[in-house]
Amino acid sequence: MSGPTSAPDKMAVVAPNLQSTPTTLATHAPHVEDEDMSEDDKPLARKTHRLAKKRITGDSSSEDDKPLAKKPRVSNGAANKKRRVVDSDSDESDAGPSVKKEPEPTPKSNGAKPRSSTFKKPSPPSESDSDLSEDDKPLARKVNGNGNSKATKKATSSDSESLSEESSSEDEKPLAKKKAPPAKPRQSTASTKSTPAASKKKVKAEPKSESEDDDVPLAKGKTKVTSSAKDKKPVVKREKKVKEEEDEEEKYKWWEQEALGDGEVKWTTFEHNAVLFPPPYVPLPKNVKMKYDGVALTLPPESEEVAGFFGAMIETDHAADAKFRENFFKDFKAILEKYPPKESVKVKSLDKCDFKPMFEHFEREKEKKKAMTRDEKKAIKEAKDKLEAPYLFCTVDGRKEKVGNFRAEPPGLFRGRGEHPKKGTLKHRLRPEDIIINIGKDAKEPIPNIPGKWKGVQHDNTVTWLAHWKENVNGNAKYVFLSAGSSWKGQSDRAKFEKARELIKHVDKIRKDYTEDLKSKVMADRQRATALYFIDRLALRAGNEKGEDEADTVGCCSLRYEHVTLQPPNTVSFDFLGKDSMRFHQDVQVDAQVFKNIKLFKAEAKKKGDDLFDRLTTTLLNKHLNSMMPGLTAKVFRTYNASWTFQKQLKNTPKNGTVAEKIAAYNTANREVAILCNHQKSVSKTYESSKGKHEDKIRALKYQRMKLRLQLFSLNPKLKKKQPELAEDESDLDDEFCERHEAELLEKALDNAQKKFEKDNVKLEEEGEKKKDKSELNERLKEIKDEFKELKKERKSKKVEPRRAATEEKLLEQIGKMDERIATAKVQLGDREKLKDVALGTSKINYIDPRITVTWAKKYDVPLEKLFSKTLREKFPWAEAEADKSWVF
DNA sequence: GTAACTACTTAGAAGCACATTA
DNA sequence: TAATGTGCTTCTAAGTAGTTAC
């Protein structure tokens, strides 16, 4: 668990976007009841009472009195208990702006991730922006930065002035828009309409008629024809090349074909083997038993399996979690009722259960597995591969496609995130009777690998799933789909990015409109505009309604009263748990009108637990967005802003830098996007110790530097004055460290001498020569010890005699090199610190248009494999094919 | 109009394999 | 060679958003 991190560097992208000019805003502190407010404009909370009453009476005649789409969340249950803890430090006694309080980090026990980013002052624009022309900046970045954005200035200068004039100005248009780059190979998917099956058939008219089965190794077949004893090696190479070429040909380049429309039909023929069920439970050895109150229990396999699920987790955080334990124990007791222990012991308390014997058994098994020989491991792997082979691929319209999650989820304990009320609940073992499969009409119905019959077999060619079931914990649907690298996923991925690019053409108008609507007399419109402002500027998720039996997390539309607090003149503090219970904690400077609106939405009768946007739902918001641009939804803004930010940040790449430097710039850009999207990861448990080691390494370098420096001063004492920077003590290099370091060095030197002695003797023995006497070793060890005594003296006197052949010139050169090494190590340490809780992968996989990466790699001559892993390259072949050096998002 | 259902994308954790270090 | 660290892959939870039923 980590504490809140220092905000400024984390927020390089997000925060500058929203900072306005506080000085100008101060004179325009909004009032809850301003004169330009119509009846509709009045604080909603005052109306909600009326509305609630009307809803009960069924009167919904006026616009305002229509039933609210969302039910106010009833505050109860465990989720609210947690909320109360959070609230305790962010509570507001009234709806008005409060004196800024530094929100405390939510403890992990509350389900919140630790990272928080707090902004108090406008920070300068991120370094990375320095070489961007103002014209080049997307609105999201320009609104504030140093607080001088035109839009902000205007907004703050007068409430009555519309912000829209500014936001629609030409210089706020994204660069790409001005350049208007066409989607290179073909028109956008959204606008194309064709019969998918037909177009696919065009693509693969005669799909693999001869070598239909990719399972037949191509090389093998060829070998028979071409190989001869004489030229075996070249042939093997040639065959490999041929195979690669053929594989290349085999690949379905869907991006070269006509785009598929949003048509219903996804396939004509569809063959697969559905899911692979895990092996049945194997009971533990007879001597491995859980204990209850000190008594070993002999459990039937059914209950032993469940005990084992918990037993395997006893050293994880889950097992210490009260809710997790409660839910597990409830289910465990139920299964014990049905399958009681032989000893007829009544299990009444989880605290009296001792799963350690089970845990230790699992650990031993892991060790055994680890200790297996290479061949044993290989044999196991081969058996596994053989078992899984039939499930790896399916055939779609004659084409071989990779299946994604073909393994039926094994039974276990539900690992809900955050404060999920069901965490710890037993996930049942799936049987064929639970699973519906979707397959071509003429395809052979797969036989499950365990006894049983499918729950159903359907032939719906408008969907892409192979199998589907309902899990028992939350009643959610689970699906088996094709892999991320499949043509279906690739097509929808590309369509997603094309839609985000399409937004570039509309975003000015949308921003202009919502800026105007921020002042709308119609409250629903004003709320919608404010929500959209946050979605656009803060990359918030839409925020669908959630049920009571889920973790209490929110997105933009579902924000509640307690999730935002106001700090005059224009700061809005967000503190809520988003998807996966990740904490979103930011102080954001907003336009005056937005500040005013939030104050209005929180006014009077509204209280904790009430929706901030009580007249807005994701459906309403998306309907509105769809009217602005076909197919536009809230989530497109995240994709657009992420890709846009990334492309912009990449402009900071050093043109003449090394590949490593360029990659560092790439990763920095990636990090900015990850921060924008609030993608977090938990800090590794070993982080602190690994950081300590790293710091010691740096200190060790400084130690070496010190020795060089002292030698130099012995040679030329004048340098102490001439080059005072050399005389400065290496920071954090205290006596305690030096002593410890020298002791470590001594130990190492002695150890090495010992090893060398032994090694030499082995060699001498092998060569039939006389071994060295032990006295020789002892002498050497004594020498080493004496040398180190010298070090101690040097440390005390702070004087080091120049080593043999040391010259002033050489020493200065060595010090210079040492300085470089220290600087590099420090940068590395800083990078690790910055990335310790930021997850880069999610944005790379889902939000950043891969063509930006491909273009960048080509432009800066960086091998793509250094940026995309194997799986990512498999996921984005279309990007590699489409993007050239000049491609722009 | 709303809740429930459906199909899909997005997400961090956990597990695993490979690289580096001692 | 074993221990440790790191990055990649897999797993599955948790979102979004459209459709359907009432």
Side-chain angles (χ1 to χ4, degrees), chain A residues 55 60 66-71 113 262 266 313 316-318 366 369-371 377 381 404-410 412 414-418 420 422-423 427 438 460 462-465 468 470-471 473-484 488-489 492-493 496 541-547 550-551 553-558 577-582 617-623 625-626 631-636 638-639 642 674 677-682 684 686-687 689-690 693-694 697 748 751-752 832 835 837 839-847 868-872 874-875:
Chain A
R55 197 159 49 176
S60 60
K66 278 182 186 160
L68 297 178
K70 289 196 280 181
K71 283 191 278 186
K113 287 282 289 214
D262 288 334
K266 303 280 196 331
M313 293 171 85
T316 66
D317 291 344
H318 297 295
K366 270 188 216 163
K369 212 176 153 191
K370 238 177 165 180
K377 284 181 188 165
K381 173 87 170 38
N405 53 329
F406 59 82
R407 294 177 196 90
E409 288 179 18
F414 173 66
R415 297 179 183 210
R417 311 251 167 95
H420 198 296
K422 299 263 183 85
K423 61 181 168 183
K427 266 176 69 174
N438 190 45
D460 184 353
T462 66
V463 294
T464 65
W465 53 266
H468 156 253
K470 210 171 185 185
E471 50 93 13
V473 179
N474 299 293
N476 290 336
K478 297 273 190 163
Y479 295 86
V480 173
F481 292 111
L482 293 193
S483 75
W488 282 341
K489 295 282 186 191
S492 70
D493 236 19
K496 172 183 76 185
R541 294 187 185 84
N544 284 330
E545 276 297 286
K546 291 190 74 182
E550 294 174 275
T553 63
V554 297
C556 187
C557 295
S558 49
L577 299 182
K579 184 177 180 180
D580 290 309
S581 294
M582 292 294 127
T617 64
T618 52
T619 308
L620 285 172
L621 176 66
N622 284 336
K623 256 187 194 161
L625 290 174
N626 191 57
L632 183 63
T633 62
K635 106 184 179 45
V636 180
R638 257 168 94 82
T639 315
C677 295
N678 201 38
H679 290 146
Q680 306 179 24
K681 68 175 183 197
S682 53
S684 146
T686 56
Y687 177 76
S689 74
S690 130
K693 282 180 194 167
H694 213 99
K697 263 187 192 170
K748 215 182 276 175
D751 199 41
N752 283 345
R832 282 156 62 95
L835 287 173
D837 59 352
L840 302 187
T842 310
S843 50
K844 210 179 201 179
I845 295 166
N846 301 298
Y847 288 106
F868 281 170
S869 66
K870 189 176 136 266
T871 30
L872 273 189
E874 279 169 13
K875 180 173 155 80

Task: N/O (side chain, Asn622(A)) to phosphate O (OP1/OP2, dA17(C)) under 4.0 Å - done: yes

Open item on the list: When you measure from the side-chain N and O atoms of Lys478(A) to the phosphate of dA7(B), is any distance below 4.0 Å, counting only OP1 and OP2?
Closed with: no

Task: N/O (side chain, Tyr847(A)) to phosphate O (OP1/OP2, dA11(B)) under 4.0 Å - done: yes

Task: Under 4.0 angstrom between Ser682(A) side-chain N/O and dG12(B) OP1 or OP2 - done: no

Open item on the list: Can you measure Lys366(A) atom NZ to dG15(B) atom P for me and round it to whole angstrom units?
Closed with: 7 Å

Task: Any donor-acceptor N or O pair under 3.5 Å, side chains Asn544(A), Thr618(A) - done: yes

- [ ] Can you tell me the distance, in whole Å, between the NZ atom of Lys470(A) and the C1' atom of dT12(C)?
- [x] 18 Å

- [ ] Take the protein atom NZ of Lys370(A) and the nucleotide atom P of dA17(B), then report the distance between them rounded to whole Å.
- [x] 12 Å

Task: dG18(C) OP1/OP2 closer than 4.0 Å to side-chain N/O of Thr619(A) - done: no

Open item on the list: Does a side-chain N or O of His468(A) approach OP1 or OP2 of dT6(B) to a distance below 4.0 Å, or not?
Closed with: no

Task: Below 4.0 Å: OP1/OP2 of dA7(B) and any side-chain N or O of Thr464(A) - done: no

Task: Five-pair end axes of the helix from dG1(B)-dC22(C) to dA22(B)-dT1(C), angle between them (10°) - done: 10°

Task: Contact under 4.0 Å: Lys489(A) side-chain N or O vs dT9(B) OP1/OP2 - done: yes

Open item on the list: Pick the closest DNA chain B nucleotide for Lys381(A) and for Asp460(A) by heavy atoms, then say which residue is nearer the 5' end.
Closed with: Asp460(A)

- [ ] Assign a letter to each nucleotide of nucleotides 5-11 of chain C from its 5' end: B, base within under 4.0 Å of a protein heavy atom; S, sugar-phosphate only; -, no contact.
- [x] SS-SSSS

Task: Selected nucleotide, minimal atom distance to Thr842(A) side chain, candidates dA17(C), dC8(B), dG12(B) - done: dG12(B)

TODO: Mind checking Gly841(A) for me? I need base, sugar-phosphate or nothing, with any heavy atom below 4.0 Å counting as a touch.
DONE: nothing

TODO: Check every strand shown and say whether Lys427(A) touches a base, only sugar-phosphate, or nothing at a heavy-atom separation below 4.0 Å.
DONE: sugar-phosphate

Open item on the list: Is the phosphate of dA11(B) approached by His679(A) (side-chain N or O, under 4.0 Å from OP1 or OP2)?
Closed with: yes

- [ ] May I ask you to verify if any side-chain N or O of Arg541(A) is less than 4.0 angstrom from the OP1 or OP2 atom of dA14(C)?
- [x] no

Open item on the list: Quick check for you: among dA14(C), dG12(B), dG18(C), whose closest atom lies nearest to any side-chain atom of Lys579(A)?
Closed with: dA14(C)

Task: Spacing of CH2 belonging to Trp465(A) relative to CG belonging to Asn438(A), to within rounding of 0.5 Å - done: 4.5 Å

- [ ] Tell whether Lys635(A) reaches the base of dT9(B) with its side chain through a donor-acceptor pair below 3.5 angstrom.
- [x] no

- [ ] Report the distance from atom CD of Glu545(A) to atom OG of Ser558(A), rounding to the nearest 0.5 Å.
- [x] 6.0 Å

- [ ] Check the distance between dC8(B)'s P and Trp488(A)'s CH2 and give it to me in whole angstrom.
- [x] 9 Å

- [ ] State which of dC8(B), dG18(C), dA22(B) makes the closest approach to the side chain of Thr633(A).
- [x] dG18(C)

Open item on the list: Rounded at 0.5 Å granularity, tell me how far OG in Ser483(A) sits from NZ in Lys875(A).
Closed with: 9.5 Å

Task: Ala484(A) versus Lys489(A), closest heavy-atom pair with distance - done: O-CB, 3.6 Å

- [ ] Return the value, rounded to whole Å, for the distance between atom CG of Asp580(A) and atom C1' of dA14(B).
- [x] 14 Å

Open item on the list: Nearest to the Lys681(A) side chain among dA14(B), dA14(C), dA13(B), which nucleotide is it?
Closed with: dA13(B)

Task: Spacing of Phe868(A) atom CZ and Lys844(A) atom NZ [to the nearest 0.5 Å] - done: 6.5 Å

Open item on the list: Return the NE2 to CZ distance between His318(A) and Arg415(A), rounded to the nearest 0.5 Å.
Closed with: 4.5 Å

Open item on the list: Under 4.0 Å, heavy atoms only, any strand: does Ser492(A) hit a base, just the sugar-phosphate, or nothing?
Closed with: sugar-phosphate

- [ ] Can you figure out which of dA14(B), dG12(B), dC8(B) approaches the side chain of Phe481(A) most closely?
- [x] dC8(B)

Task: side chain to side chain contact (heavy atoms under 4.5 Å, CB included) between Ile845(A) and Leu872(A), intermediate numbers included - done: CA-CA 7 Å; Ile845(A) 295 166; Leu872(A) 273 189; 3.9 Å; yes

Task: Contact under 4.0 Å: Asn544(A) side-chain N or O vs dT16(C) OP1/OP2 - done: yes

- [ ] Rounded to the nearest angstrom, tell me the gap between atom CD in Glu550(A) and atom C1' in dG15(C).
- [x] 10 Å

Open item on the list: With rounding to the nearest 0.5 angstrom, report the SG to CG distance, Cys677(A) to Asn846(A).
Closed with: 9.5 Å

Task: Note: Lys427(A)-Glu471(A) ion pair, threshold 4.0 Å (strictly below) - done: no

Task: Integer-rounded Å distance: dA13(B) P and Arg415(A) CZ - done: 12 Å

Open item on the list: Categorize Ala477(A) for me: base, sugar-phosphate, or nothing, with a 4.0 angstrom heavy-atom threshold over every strand shown.
Closed with: nothing

- [ ] Pick base, sugar-phosphate or nothing for His318(A), based on heavy-atom distances below 4.0 Å to the nucleic acid.
- [x] sugar-phosphate

Task: Under 3.5 Å: donor-acceptor pair, side chain of Asn405(A), backbone of Phe481(A) - done: yes

Task: Minimum-distance nucleotide (side-chain atoms of Phe414(A) versus dA14(C), dA11(B), dA14(B)) - done: dA14(C)

Task: Separation of atom CD in Glu545(A) from atom P in dG1(B), rounded to whole Å - done: 17 Å

Task: Given Asp580(A), Leu577(A), Thr553(A), the one that forms side-chain contact (heavy atoms from CB on, under 4.5 Å) with Arg417(A) - done: Asp580(A)

